Amino acid sequence: MPEGTSASNFIREIVAADHAAGKHEGRVVTRFPPEPNGYLHIGHAKSICLNFGLATEYAGGVCHLRFDDTNPTTEDPEYVESIQEDVRWLGFDWGNHLYFASDYFEQLYSFAERLIKTGSAYVDSLTADEMRHYRGTLTEPGKNSPCRTRTVDENLDLFRRMRAGEFADGTHVLRAKIDMASPNINLRDPVLYRIRHTAHYRSGRTWPIYPSYDFAHPFSDAIEGVTHSVCTLEFDDHRPLYDWVVERAGTADRPQQIEFARLNISQAVMSKRKLLELVESKQVAGWDDPRLPTLKGLRRRGYTPEAIRTFCEHIGVSKRDAVVEMQLLEHFIREDLNKRAARVMAVLKPLKVVIDNYPEQGSEELEAVNNPEDASAGTRSIPFSRTLFIEREDFLEDPPKGFFRLAPGREVRLRYAYIIKCVGVTKDPQSGEVTELHCTYDPQTKSGGPDARRKVKATIHWVSAVHALEAEVRLYNPLLKADLADMPSDQDWTAYLNPQSLERLTGCLVEPSLKSASPGSRFQFERLGYFCVDPEATPDLPVFNRTVSLKDAWARLDKRQPSN
RNA sequence: UGGGGGAUCGUCUAGCGGUAGGACGCCAGCCUUUGGAGCUGGCUACCUAGGUUCGAUUCCUAGUCCCCCAGCCA
């Protein structure tokens, strides 16, 4: 269990005040109540961290994981499973408090009968269309349905027959009898039960009728002994209805609904509907596509649960509609990976370098530190030889002012190795493209050696040509354009997909130590960024996913003034 | 238009009558045998107008703007 968070927010204050006042006999019970109709994304992480975080701040506090599975048409066991995996992956534990609203169907049903018997609910036989007209509008009050005056016996009979499966979908609903003239539309006799002759992924075909969210949710909270029911802003004006149900549920203790603003992140698709659409239309490889802000996608991209939790702590909780910048998320994963990721050398776009004065068949092992910020990470040895590859971008035949890396006649340090000097450039006679560099090395400048302190203006990375491992590297940028508004009406996703959102580089070369890198492990390719070994990659070719978008690592270094 | 919610640096967020703070970002400089790391300094905010008060981001009044609600979705 991750350590509790300390940053204050208004919900924490409410819970603290209730706890201090001895409300709910000092219990703190929260819940995370997803509908199993999709995969969890970073937005859910905020709710998970909040709810589980709240509970763990109090002795005996618990957070339930409850599946709000009251709509058989959208739900699937695949989602139930993935949601549990993701909550665990994030680092939270619901103990034995795993619940399903569908387990309450029987209780919900008798509760509904009780409401009918007390005259608080009735069966309405209007069509959906008629009901809409009777409901009125935002500015006009609704009218009572002709069915509203049905007797208790009539209602009971009808409702029992609904349960028995006698009626077709859409022919009847059970409604709460509240107030058709209420300025709050949610109180204009909301639907409690609807007929759906659809198999439910858990209860199968035992029920032809299903309770609505507004009925099942408060009831579930109440019977589970939830004390603080934290939900998002759009349920704010459902609260009177929530209270209406809770009051009639008649439990000794009553839960309190508290609303907060859901998380939006710039340049990320956070709507379940759109994510589903992307997955089903095969615009992305699946729910775990690393371009997606799903927890599975982020994991595959190399995000750590710790970084996501830290992010969630830092964005705060409020009631304002907010859009958090992607850079903030990226900041926390960088901060985390900076501490834990081992540094390795890799070359994404190779340029061959021959060290002319190095022994023809010679090679040697050089010692490299795994993490300069963490001595306990130890060292590894990397092979050096006469033929190497360096990053293509680290050489310029005609360097502009301010470029301090390799160029004809220039010296540069090879990280962990020697200072080399470029003495020759081979070009393709046709295209004029540089194909090979000839360099000499200065044996005295070996890292740790006698002249190792000699200053050169840049240090570049490299891999030994004969030893290097070929790999595939996937570079990811945020999935969608920043100005994403609504789903395009023509469903033309290509217009919305950022063409640079996924770039595959094959023929990349990484140092041989990565041969045994385990899936999911994270590295910093020096100066190229943080990468994660794709957990889903095939074994024949190592695949690395870039964790965060890149800034120009050389900009600052190259910009510095030549000192000598 | 009825109801509900909300407005503080570019972005999140703190403040609860007493000099508006933090984080991200950005800018400048330093450092570096990786840097996107590290160090130093800097940047910009209380929606508007009245009122109460010695003093208002905070309390009151009136506006303005934004979001949500007219599913038998959640």
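Because only heavy atoms are used, hydrogens play no part in the values below, and waters and symmetry mates are left out as well, while side chains stay in. Predicted model only: the values in this text are computed from it and were never measured. Below, read A as the first sequence line, B as the second, and so on, with proteins coming before strands; counting in each chain starts at 1.
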Base, sugar-phosphate or nothing for A:Ile209? Non-hydrogen atoms, less than 4.0 Å.
nothing
To the nearest Å, give me how far apart NE2 (A:His461) and C1' (B:U34) are.
8 Å
Selected nucleotide, minimal atom distance to A:Arg132 side chain, candidates B:A74, B:A70, B:C24:
B:A70
Measure CG/A:Asp237 against P/B:G4 and give the value in whole Å, please.
9 Å
Counting only side-chain nitrogens and oxygens, does A:Ser447 get under 4.0 Å of the OP1 or OP2 atom of B:U33?
no
Respond yes when some side-chain nitrogen or oxygen of A:Ser182 is under 4.0 Å from OP1 or OP2 of B:G3, and no when none is.
no
Salt-bridged, A:Glu306 to A:Arg340, with N to O below 4.0 Å?
yes
Contact class for A:Glu373 (heavy atom, under 4.0 Å): base, sugar-phosphate, or nothing?
base
Can you check B:G50 for me, syn or anti if syn means within 90° of 0?
anti
At under 4.0 Å between heavy atoms, what does A:Glu325 touch on the DNA or RNA strands: base, sugar-phosphate, or nothing?
base
Just checking A:Thr127: base, sugar-phosphate only, or nothing, at a heavy-atom cut-off of under 4.0 Å?
base
Can you tell me how far P in B:G3 sits from the matching atom in B:G10, rounded to whole Å?
33 Å
Please classify the nucleic acid contact of A:Ser318 as base, sugar-phosphate, or nothing, using heavy-atom distances under 4.0 Å.
sugar-phosphate
Taking only Watson-Crick and G-U wobble pairs with both distances under 3.5 Å, what dot-bracket line describes RNA chain B, where [ ] shows pairs that cross earlier ones and | shows pairs with another strand?
.((((((..((((....[..))))((((((.......))))))...(((((..]....))))))))))).....
A:Lys421 atom NZ: more than 12 heavy-atom contacts under 6.0 Å
no
Name the orientation class of the two ring planes belonging to A:Phe235 and A:His238 (parallel below 30°, tilted from 30 to 60°, perpendicular beyond 60°).
perpendicular
Euclidean distance for C1', B:A62 against B:G55 (whole angstrom)
23 Å
Relative to the 5' end of RNA chain B, which residue comes earlier, A:Glu234 or A:Pro211, by the nucleotide with the nearest heavy atom?
A:Glu234
I'd like to know if A:Arg454 and A:Glu411 make a salt bridge, using a cut-off of under 4.0 Å between side-chain N and carboxylate O.
yes
Using only side-chain N and O atoms of A:Lys272, determine if any of them is under 4.0 Å from OP1 or OP2 of B:A74.
no
Please give, in whole Å, the distance from B:C72 P to A:Asn186 CG?
11 Å
Cationic N near anionic O, under 4.0 Å, A:Asp189 to A:Arg135:
no
Between CD1 of A:Ile11 and C1' of B:G5 the distance, given in whole Å, is 14 Å
Are A:Lys319 and A:Glu259 within salt-bridge range, i.e. N to O under 4.0 Å?
yes
Between A:Arg175 and B:G71, is there a contact of a side-chain N or O with OP1 or OP2 at under 4.0 Å?
no
Roughly, in whole Å, what's the span from CG in A:Asp221 to C1' in B:A74?
13 Å
When the distance from CG of A:Asp321 to P of B:U11 is rounded to whole Å, what number comes out?
14 Å
Centroid separation under 6.0 Å, is that true for the rings of A:Phe332 and A:His314?
yes
A:Tyr109 and A:Phe159 aromatic ring geometry - parallel, tilted or perpendicular at 30°/60° bounds
parallel
Please determine if a side-chain N or O atom of A:Arg273 lies less than 4.0 Å away from the OP1 or OP2 oxygen of B:A74.
no
Euclidean distance, atom CZ of residue A:Arg188 to atom C1' of B:G4 [Å, nearest integer]:
13 Å
When the P atoms of B:G38 and B:A23 are compared, how many Å lie between them, rounded to an integer?
13 Å
Nearest-Å distance once atom P is located in both B:G41 and B:G4
49 Å
Between B:U58 and B:A74 - P atom distance, rounded Å:
42 Å
Under 4.0 Å between a side-chain N or O of A:Arg135 and OP1 or OP2 of B:C72?
yes
Report yes or no: is the cationic atom of A:Arg66 (NZ for Lys, CZ for Arg) under 6.0 Å from the centre of the six-membered ring of A:Phe100, at an angle within 45° of the ring normal?
no
At 4.0 Å (heavy atoms only), tell me whether A:Gly142 reaches a base, stays on the sugar-phosphate, or touches nothing.
nothing
Between P on B:C72 and CG on A:Asp124, what's the gap in Å once rounded to a whole number?
11 Å
